[in-house]
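If you're wondering where the values come from, they're calculated on a predicted model, not measured in any experiment. What's counted below: heavy atoms across the whole structure, side chains too, no hydrogens, waters or symmetry copies. Residue numbers count from 1 along this sequence.
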Amino acid sequence: MRQDEIWDADAARRYDTPGIGMFAPEVLGPAVDRLAELAGGEQALEFAIGTGRVAVPLAERGVPVTSHLAAGS
């Protein structure tokens, strides 16, 4: 399958829809809470940070976040 068959305009429109799916507070909140707990006050490294769906709320909780982009990004 080609990328243009997966990531069309409709998929892009739905990908970052705040408040639903992987952005729903009941999904994202507990995940970020657990990651902040695991960081234990230390810095977190996020690979393929994308839109910052996890990194932004982590930083808002006081966890310093560094990102690593994939080669060629």
Restricting to non-hydrogen atoms, name the atom on [X] and the atom on [Y] that form the minimum distance, rounded to 0.1 Å.
X	Y	answer
Ala59	Val65	N-CG2, 4.1 Å
Ser67	Leu45	C-CD1, 4.1 Å
Gly52	Pro57	O-CD, 3.7 Å
Pro30	Pro25	CD-O, 3.6 Å
Gly29	Arg61	O-NH2, 4.0 Å

Have a look at Val63 and tell me which of Leu38, Leu35, Leu58 forms a side chain to side chain contact (heavy atoms under 4.5 Å, CB included) with it.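 It is Leu58, the one option of Leu38, Leu35, Leu58 that forms the side chain to side chain contact (heavy atoms under 4.5 Å, CB included) with Val63.
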Got a sec: does the CD of Gln43 have more than 12 other heavy atoms crowding it under 6.0 Å?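 For Gln43, atom CD is crowded (more than 12 foreign heavy atoms under 6.0 Å).
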